[in-house]
J.: 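This is the structure I have questions about; it appears just below.
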Amino acid sequence: MNLFAGLLGRLNFDAFPHDIITGFGALSVVFGALTIAGLLTYTKRWTWLWKNWLTSLDPKKIGVMYIVIALVMLLRGFADALLMRTQQAVSVGSSHGILSSDHFQQIFSAHGTMMIFFVAMGLMFGLINLVLPLQIGARDVAFPFLNSVSFWLFAAGMVLVNLSLVIGGFSAAGWLAYPPLSELQFSPGVGVDYWIWSLQIAGVGSLLSGINFLVTILKMRAPGMTLMKMPMFVWSVLCSMSLVVFAFPILTATLAMLALDRSLGMHFFTSDTGGNPMMYINLIWAWGHPEVYILVLPAFGVYSEVVATFARKRLFGYTSMVWALIAITFLSFLVWLHHFFTMGAGANVNAFFGIMTGVIAIPTGVKIFNWLFTMFRGRILFATPMLWFIGFVVIFSIGGLAGVLMSVPAIDFQVHNSLFLVAHFHMMIVGGVVFGYLAGLTYWFPKIFGFTLNERLGKYAFWCWLVGFTTAFTPLYILGLMGATRRLDHYDASMGWQGLFIVAGIGVLILALGLSLQVAQFGVSIWQRKQNRDTTGDPWNGRTLEWSTASPAPAYNFAVIPTVTDRDPFWASKQAKKTTEKPHYTDIYLPKNTGMGIFIAGFAFLLGFAIIWHILWLGVIGLAGIIACVIIRTTSDEESEYLITAKEVAKIESEARA
């Protein structure tokens, strides 16, 4: 028995859930996984799944897999939000609600972690994979295999987060795990370790993606596409990925130091032997505030494409929009300290960061006004993507004004740790980021799958999101001004807060209806895909290169690499009504499928799990497996590309255009 215990480190039967809600969640995860495995086995689709999707290096398929994971995690994160809002609505006075305090803190931490790292980041990288190569006239990304590794590291981090629901429990130290709460003295369990290693593994994948997309943009643009002829979405990705390359190493180093504190008894962030918790907070926000712009800049790019397309006008102020993106990218590294104005940095430091926070609102305002000027006197089509943009303007403007308010240190002192801040953050991230990616998903869906989404259900879902979100978070501004703090799982009846918490809960229920309508939208659209088939490749009368290809786009994207002469090349060619000559097709080489990315990520998962539970032998296997896979991949003489002949290209293009 002792030998068995030694082999499993800290893992034992006590690690499995014992309360009803956690047990139900764990059973749901296990049942869902078994159901999917059973369906694949029953339909004999395992081989199809492996060959056509899991091992694919096609960025479009990798993008779809990113989005599938992100949408599944959105449902999981939303379930956490529903539990938290229910708890806050009913846990008042003598009633202590449906959750224990520790369980509430775990849900709080998991919700923030999943929504930022595995929903917003997943949707972002998914859309970039789907659209970026098409928009710059490229057949692939710069490093296709690295793209696969990045995705599977992201997936491994996601699995590790969800595994905490089944074995061991998650961190209760908040979604940024401030020490000393995240140190061993106050969090002796494995929850913080799950948090560290799921983010560490997924974060390495994000860093690799940032490098990959930067090189793709800088080196693989179509002939004639200068920097100032790039679509605005490409510019936004360029700026966002620049932030990834500079910011994510900070996260990697910070998590590594916290892991050393917990695993090897070091004191980087404890007060013992010269450590300092404030160093952690500086480092985590030196990554964390650029992370906000990493997420929101590609969403800004989506809005630029959507507004220009549905207003039937050239994007207003293109040059100023580019410089606004560059300004936001630069300034995002100069505002991190506004996250802890209250921690005694001094008046001069607070004043500098307060001014910088106010200044960064200027280029953001430039972008919003340019979008509105693009709409001015345009022939606007209020399709679902355009509605998401309008909802963004409303919610993001409210959240942005609250942010400018909190850039004043004296005001921030009053509302810093309150629900006022929670409302502001959600209006920026959900109103800015999630609305943008849902607009982009709806907009580019036919390009990837070959049919449009159901417009009626999409519009119903949008209005539920807009009304529900406003109802859910406007009361939090009021509660914050009344003194309600974050992470609050119980309060006294005499505070008079319950009514507002109930209103917020009603808002979440309206959001749940909107989410249900989106699920129905996908289901109905798939069922009616033949009626909604995009036979033109250009269902929205688009302006950029991706709409010049067939829908769905072929594996090689472009049979003939286009030459760009205009900022809106496809729109210009349509307006000129040029008669295209018969294309001259050539042989095309594309990367072969490989499962090595899955194997690398699988061994990374084993390494993370082993460190969490102190299972030495498993950690050795995980580390050795990663090294072995990398060596095998980099030294293999096996041909890594396959050929599509010119004759096959001609046949594919003929069938697609028929």
Side-chain angles (χ1 to χ4, degrees), residues 56-67 69-70 117-118 120-155 157 202-222 225-227 229-249 251-252 287 290-302 304-305 322 325-326 328-329 332 433 436-437 440-441 444 447-448 544-546 553 557-558 590-591 597 601:
S56 176
L57 299 191
D58 184 347
K60 295 181 290 299
K61 290 186 175 180
I62 290 174
V64 171
M65 291 191 288
Y66 264 116
I67 289 172
I69 287 180
F117 288 93
F118 299 105
M121 293 290 283
L123 289 172
M124 178 186 77
F125 282 126
L127 283 177
I128 293 172
N129 270 287
L130 294 176
V131 177
L132 178 70
L134 285 164
Q135 282 209 327
I136 63 173
R139 290 203 172 106
D140 209 333
V141 295
F143 308 114
F145 174 68
L146 196 66
N147 198 25
S148 173
V149 173
S150 300
F151 166 72
W152 286 110
L153 289 174
F154 168 83
V204 171
S206 297
L207 178 59
L208 296 177
S209 288
I211 296 169
N212 199 355
F213 291 127
L214 265 183
V215 177
T216 301
I217 294 171
L218 295 176
K219 303 297 289 184
M220 298 186 68
R221 300 191 306 277
M225 184 177 282
T226 62
L227 289 176
K229 286 191 176 114
M230 293 195 308
M232 195 54 62
F233 179 74
V234 178
W235 262 111
S236 69
V237 173
L238 178 65
C239 293
S240 176
M241 295 304 105
S242 300
L243 288 175
V244 167
V245 169
F246 283 103
F248 265 81
L251 176 66
T252 301
W287 159 81
E291 166 68 4
V292 172
Y293 292 99
I294 286 168
L295 295 174
V296 82
L297 289 181
F300 285 172
V302 171
S304 296
E305 304 299 332
V322 170
L325 284 171
I326 295 171
I328 292 170
T329 302
S332 68
V433 175
Y437 294 152
L441 181 60
W444 282 303
K447 180 52 56 183
I448 305 307
T544 42
L545 285 177
E546 72 270 27
N557 289 349
F558 297 93
L590 293 175

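Sequence positions, counted from 1, serve as the residue numbers for this chain. Side-chain atoms are counted along with the backbone in the values below, which use heavy atoms only and exclude waters and symmetry mates.
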J.: Kindly give the heavy-atom pair with the smallest separation between L297 and S236, and that separation in Å.
T.: O-CB, 3.0 Å
J.: Contact between L130 and I62 at the side-chain level, heavy atoms closer than 4.5 Å - yes or no?
T.: no
J.: Report yes if the side chains of S209 and V244 come closer than 4.5 Å at any heavy-atom pair, otherwise no.
T.: no
J.: Restricting to non-hydrogen atoms, name the atom on P231 and the atom on Q135 that form the minimum distance, rounded to 0.1 Å.
T.: CB-OE1, 3.5 Å
J.: Mind checking whether L545 and I136 have side chains closer than 4.5 Å, heavy atoms only?
T.: no
J.: Are any side-chain N or O atoms of S150 and backbone N or O atoms of L146, one a donor and one an acceptor, separated by less than 3.5 Å?
T.: yes
J.: Rounded to the nearest 0.5 Å, what's the gap from CG on L132 to CE on M241? Could you check?
T.: 9.0 Å
J.: Within a strict 4.5 Å, meaning less than it, do heavy atoms of the D140 and P133 side chains meet?
T.: no
J.: Could you point out which residue of L227, I217, T216 forms a side-chain contact (heavy atoms from CB on, under 4.5 Å) with V234?
T.: I217
J.: Using the ring centroid of each side chain, check whether F117 and F154 are separated by less than 6.0 Å.
T.: no
J.: Should L214 and S242 be marked as a side chain to side chain contact (heavy atoms under 4.5 Å, CB included) after you check the CA-CA gap, both sets of side-chain angles, and the distance that decides it?
T.: CA-CA 7 Å; L214 265 183; S242 300; 3.7 Å; yes
J.: Using only atom types and a distance under 3.5 Å, with no angle test, would you say the side chain of S332 pairs donor to acceptor with the backbone of P290?
T.: no
J.: Give me the atom names and distance for the closest heavy-atom approach of A138 to M220.
T.: CB-O, 3.6 Å
J.: Test your reading of the model: is there a side-chain donor-acceptor pair from N129 to the backbone of K60, 3.5 Å cut-off?
T.: no
J.: Quick check, are the ring centers of W287 and F246 under 6.0 angstrom apart?
T.: no
J.: Could you tell me whether the side chain of P298 reaches within less than 4.5 Å of the side chain of L127, counting heavy atoms only?
T.: no
J.: Could you tell me whether the side chain of T544 and the main chain of E546 form a donor-acceptor pair under 3.5 Å?
T.: no
J.: What distance do L325 atom CG and S304 atom OG have between them, rounded to the nearest 0.5 Å?
T.: 7.0 Å
J.: Of all the heavy-atom pairs spanning M124 and I294, show the shortest one and how long it is.
T.: SD-O, 3.1 Å
J.: Just by modelled atom types, is the L208 backbone N or O under 3.5 Å from a matching donor or acceptor in the N212 side chain?
T.: no
J.: What is the distance from atom CG of L123 to atom CD1 of I69, rounded to the nearest 0.5 Å?
T.: 11.5 Å
J.: For F233 and W444, what are the C-alpha separation, side-chain angles and deciding distance, and is it a ring pair (Phe, Tyr, Trp, His ring centres under 6.0 Å)?
T.: CA-CA 12 Å; F233 179 74; W444 282 303; 5.3 Å; yes
J.: Looking only at heavy atoms, what is the nearest atom pair of G597 and V149, with distance?
T.: CA-CG2, 4.0 Å
J.: Taking the side chain as every heavy atom from C-beta outward, state whether L57 and V141 have any pair of such atoms under 4.5 Å apart.
T.: no
J.: For residues A120 and V433, report the shortest heavy-atom separation together with the two atoms involved.
T.: CB-CG1, 4.1 Å
J.: Please step through side chain to side chain contact (heavy atoms under 4.5 Å, CB included) for the pair N147 and F213, ending with a clear verdict.
T.: CA-CA 9 Å; N147 198 25; F213 291 127; 4.1 Å; yes
J.: Quick one: does any side-chain atom of R139 pair with a main-chain N or O of F558 as donor and acceptor, under 3.5 Å?
T.: yes
J.: Assess whether side chain to side chain contact (heavy atoms under 4.5 Å, CB included) is satisfied between M230 and V322, documenting all intermediate values.
T.: CA-CA 10 Å; M230 293 195 308; V322 170; over 6 Å; no
J.: Give a yes or no on whether the backbone of M232 and the side-chain of E305 come within a donor-acceptor separation of less than 3.5 Å.
T.: yes
J.: Atom OG in S56, atom CZ in F151: separation rounded to 0.5 Å?
T.: 10.5 Å
J.: Please tell me whether W152 and Y66 form a close aromatic pair, meaning their ring centres lie under 6.0 Å apart.
T.: no
J.: Check the pair R221, K229 against side chain to side chain contact (heavy atoms under 4.5 Å, CB included), reporting the backbone distance first and the verdict last.
T.: CA-CA 10 Å; R221 300 191 306 277; K229 286 191 176 114; over 6 Å; no
J.: Do S206 side-chain atoms and A202 backbone N/O form a donor-acceptor pair below 3.5 Å?
T.: yes
